[in-house]
Structures are given as C-alpha cells and as structure tokens.
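None of these values were measured; they are calculated from a predicted model. These values consider heavy atoms only, across backbone and side chains, with no hydrogens, waters or symmetry-generated copies.
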Amino acid sequence: MADAGGAGWGASGCGEPRRRPRCSRGTPVPLSGAHRRGSCATRIYSAALAAGVQRIHVESPAELRRLGGLAAAAGTSARVLLRVNLPVDVPGASLVMGGGPSPFGMDPADALEWVRRPPAGVEVRGVHAHLASGLDTPLAGAVAAAVVRWSVTEVGATEVDVGGGMAVDYTDPAARFDWARYGRALADVLDAYPDLRLRIEPGRSVTAYCGGYLAEVVDVKRSHGEWFVVVGGGTHHLRTPAAKGHPQPFTVHRRHGANGPRTDGGPVTVVGQLCTPKDVLSRSTTAGPVGVGDVLVFAMAGAYAWNISHRDFLLHEPPAFRVGDPHKVAAEWAARPIRP
C-alpha cells in the first residue's frame, strides 16, 4: 500500500491483521478483504476499531451496517472507503474482478446511496476499486484515471484507492512493469485533482521477484514420446502456475557426480508429487538435459505461491524456508551427495 505520504501495510481477511509484521507497527494500515462472515467480521472489525485502524475497506451494504453498529456501540467512528465495482473496461487483463457482474464491491448506485446516507458510526472517506490484475502500464494508468474521475465527480471523494493489478509476466521474467511511466500517469491524475489523496496497492508486482522455490528432481520418465521431470514438491508448495495457468520460469543446477536417469535435452514437463494431472509446475523447451538429483530453481515465487497452496493435499511435508540468494542455496544443495 502506498500513497504520496509513503508506504504502509495493508491487511485482509481474518488472519492477516494478526500477523502484521513487527516492522509495520506505527505505519498506516488499511483493512480490506472480501466476504467476511459473522464471527470473523465481528472480531476483526472490533479489533480494528479498538486499534484505531486508519481505513476500513467495505465491500457490501450488509458489511457497512455491521461495521456501523459495532462502531456506534463502541462509541467511536469507522473511517471507511467503499469498494465500488465500476463499469470500467479492462481489455487484456489476465484476471477481471470488476466492470460487470462480480461478487466484489458494491454497485455504483448502492455506493452512492450509502455515501449520501451512511449508517450511524460510519464516516465514508472515499472510494476503493480493485478491478483487475495483469494490467500493463498504459492500461493501469487508464484504469486509475477512470476510477478517480468517477470517485471525484460522483462521490466528491478526496481519497481514492485505485487498487493494484500491475502486470507480472511469468513467461518473461526480465520484463517489468514500467513504474516511471505509471508514476507519470498518476502525476497527471493528481494535477487534475490536486486535493486528492491517491493510494495504490503494488503488492505482488513488487514481491513476486523477491523469492524462489527450490525442488530436487526425484525421477524422469518418458511417456508416449514426452519427457516428464518429477520433483520432490509440487503445486501444494507453489500453486501459482496451476492457479494462473502459466509455466513457472526455472533454471537447472546440475547435480555434481550424478549418473542417474536424464532427459534427452528436448522439451520437458515439470510435475510434482500429487496424484492429479493438474500438478504441473512448468513446461520448457530450453532447459536442456535434466536428471535425477538436479535442483530446479523456480523464479518469481515471492507472491502468493505458498500462501495460496493446497498444502494438505496428501499431507506431504511443507517446504523449508531460507533467506538468501536462491541460486547460491541451490548450488550448495547440488554439491551434496544424493540421498539414497
């Protein structure tokens, strides 16, 4: 979460607020997250009000009424951004969460009604809109401008969170979102609305590049003319490629002294240990020969990855976590003898 005043930590759902890192104490913390249910919503909203959370993003009229009731009972006021599902086109986005029928956010008409007549205990401070993911730089700028234009014109908002969704290209790790160009687009928005406080949610587009997933090859086999590389891991550790339908980029660290089975250097499909054909981590035509004992380093595993994985599938062991350069860790691993 970032705005002109600096960066802060956003928290969503029922568990994240409890796990906010110690380094974030004292920094701005908005609370967001869709579809909070009964006891969870009551607990999280009550804790947020007691902690003086700066902004609470609200997804629906029912949530807004619940929050208002809790705030009024506590003798305080909830400072709210309404999440609005605006009819903004997002052509080319990889994941669309708004702009049409969607479980996320309020219809614009409903949002306007609650802005005019908020429930007791609620101060509506502005608008939040996260409409899509996989936005390239020009599209992200255009979406931000459209969200701000509606929020200021229709709501009179002085505070707008335009969400995130900046593109991360897993097929081309060297391609990066053009932050300088996006910054210029946001500057144009602020020039048009100089009294506006504008927030963005860069999240995955920043952290995706800050982690790797390492796995050892435990088997290679040929089936109907195609090579499969089986690793000691899988999408129960790194679900991103299965969830998003892309091959996770990887590099191979050859095992020193290994003389076991090896592919012929042609195309390979890298799979995990789960009993489902969906357990595919990657496909490659350029990996070269891959053998038992080699260590694969899957790049761009710093966002979602483990957090969204179905980690109890077959009750395999969880991964170990290390801090450092993934390739140095892989090189050390590949230098060790293969376990029998």
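Considering every non-hydrogen atom in both V122 and S77, the closest pair reads C-OG, 4.2 Å. Between S151 and V160, the shortest heavy-atom contact is CB-CG2, 3.6 Å. Of all the heavy atoms in A335 and H256, the pair that sits closest is CA-CD2, 3.3 Å. In plain terms, the two heavy atoms of P326 and V297 that are nearest each other are CB-CG1, 4.0 Å. What you find for G232 and V218 is that their closest heavy atoms are N-CG1, 3.8 Å. Closest of all the heavy-atom pairs between A72 and A120 is CB-O, 4.4 Å.
A search for salt bridge (charged side-chain N to carboxylate O under 4.0 Å, His left out) contacts involving E154 returns nothing, not counting sequence neighbours. The ring-ring contact (aromatic ring centres under 6.0 Å, His included) test applied to F177 returns W179, Y182, not counting sequence neighbours. Residues that satisfy the ring-ring contact (aromatic ring centres under 6.0 Å, His included) test with H130, not counting sequence neighbours, are absent from this structure. By the salt bridge (charged side-chain N to carboxylate O under 4.0 Å, His left out) test, R322 is found to be paired with E332, residues two or more places apart in sequence or in another chain being considered. Under the side chain to side chain donor-acceptor pair (under 3.5 Å) criterion, W114 pairs with no residue at all, not counting sequence neighbours. Every residue two or more places apart in sequence or in another chain that forms a salt bridge (charged side-chain N to carboxylate O under 4.0 Å, His left out) with E159 is listed here: R55, R199.
Side chain of R83 to main chain of S60: no donor-acceptor pair is present (N/O by atom type, distance under 3.5 Å, no hydrogens or angles). At distances below 3.5 Å, not a single donor-acceptor pair connects side-chain atoms of S205 with backbone N or O atoms of V168. Using a distance-only test at 3.5 Å, with no hydrogens or angles considered, no donor-acceptor pair links the side chain of D107 to the main chain of A109. For the pair Y213 (side chain) and G234 (backbone), a donor-acceptor distance under 3.5 Å is present. At distances below 3.5 Å, at least one donor-acceptor pair connects side-chain atoms of H237 with backbone N or O atoms of E317. Proximity of a side-chain donor or acceptor of N85 to a complementary backbone N or O of G105 within less than 3.5 Å is not detected. Formation of a donor-acceptor pair under 3.5 Å by the Q273 side chain with backbone atoms of G233 is found in this model. Although no hydrogens or angles enter the test, the distance criterion places no donor-acceptor pair under 3.5 Å between the side chain of R125 and the main chain of T158.
By the 4.5 Å heavy-atom criterion applied to side chains, E226 and P267 are not counted as neighbours. Between V217 and L296, some side-chain heavy-atom pair lies under the 4.5 Å cut-off. Considering only heavy atoms from C-beta on, M166 comes within 4.5 Å of I200 through its side chain. Contact check for M106 versus V58: side-chain heavy atoms found under the 4.5 Å cut-off. At least one side-chain heavy atom of L64 sits under 4.5 Å from a side-chain heavy atom of P119. No side-chain heavy atom of P241 sits less than 4.5 Å from a side-chain heavy atom of V280.
To the nearest 0.5 Å, the span separating CG on L82 from NE2 on H128 amounts to 11.5 Å. The CG atom of D169 sits 10.5 Å away from the CG atom of D136 when rounded to the nearest 0.5 Å. Atom CG of L190 and atom CZ of R197 lie 11.5 Å apart (nearest 0.5 Å). We find the OG1-CD distance between T76 and E123 to be 8.5 Å, quoted to the nearest 0.5 Å.
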May I have the step-by-step check of side chain to side chain contact (heavy atoms under 4.5 Å, CB included) for L214 and H253, ending in yes or no? CA-CA 10 Å; L214 280 61; H253 285 254; over 6 Å; no

Between D161 and V147, does a side chain to side chain contact (heavy atoms under 4.5 Å, CB included) hold up when you go through it step by step? CA-CA 9 Å; D161 183 334; V147 169; over 6 Å; no

Stepwise side chain to side chain contact (heavy atoms under 4.5 Å, CB included) test for V127 and V115: CA-CA 10 Å; V127 170; V115 167; over 6 Å; no

Output, in order, the C-alpha distance, side-chain angles, deciding distance and verdict of side chain to side chain contact (heavy atoms under 4.5 Å, CB included) for D279 and T235. CA-CA 6 Å; D279 189 19; T235 56; 2.7 Å; yes

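Sorted by first and then second residue, the ring pair (Phe, Tyr, Trp, His ring centres under 6.0 Å) pairs involving residues 60-96 (not counting sequence neighbours) form an empty list. Note on residues 89-106: no pairs pass salt bridge (charged side-chain N to carboxylate O under 4.0 Å, His left out), not counting sequence neighbours. Legend: salt bridge (charged side-chain N to carboxylate O under 4.0 Å, His left out) pairs involving residues 268-278, not counting sequence neighbours: none detected. Residues in residues 172-189 take part in no salt bridge (charged side-chain N to carboxylate O under 4.0 Å, His left out) pair, two or more places apart or across chains. The salt bridge (charged side-chain N to carboxylate O under 4.0 Å, His left out) pairs that include a residue from residues 293-304 are R254-D294, R262-D294, where partners are two or more places apart or lie in different chains.
Placement of V124 and L81 in two distinct hydrophobic clusters is found when ILVMFWY residues are connected by side-chain heavy-atom separations under 4.5 Å, directly or transitively. Under a hydrophobic clustering in which Ile, Leu, Val, Met, Phe, Trp and Tyr are joined whenever their side-chain heavy atoms come within less than 4.5 Å, directly or via other members, Y209 and V329 fall into different clusters. A single hydrophobic cluster is not seen to contain both V252 and V295; linkage of ILVMFWY side chains at heavy-atom distances under 4.5 Å, directly or through other members, places them apart. Cluster annotation: V230 is not connected to I338 through the hydrophobic network of ILVMFWY side chains, with a link wherever side-chain heavy atoms come within less than 4.5 Å. Transitive grouping of hydrophobic side chains (ILVMFWY, heavy atoms separated by less than 4.5 Å) keeps V271 and L274 in distinct clusters.
Tested against F298 for a ring pair (Phe, Tyr, Trp, His ring centres under 6.0 Å), the candidates W306, F250, Y170 yield a single pass: F250.
Surrounding OH of Y193 are more than 12 heavy atoms belonging to other residues, nucleotides or ligands, all under 6.0 Å away. When the shell of 6.0 Å around CG of D191 is examined, it contains more than 12 heavy atoms from other residues, nucleotides or ligands.
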Show which side-chain atoms of residues 281-293 pair as donor or acceptor with protein atoms under 3.5 Å away, not counting sequence neighbours.
unit_1: S282; atom_1: OG; unit_2: Q248; atom_2: O; d: 2.6
unit_1: S284; atom_1: OG; unit_2: T286; atom_2: N; d: 3.1
unit_1: S284; atom_1: OG; unit_2: A287; atom_2: N; d: 3.1

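Using a 30° and 60° split on the angle between ring planes, H236 and H316 fall in the tilted class, from 30° to 60°.
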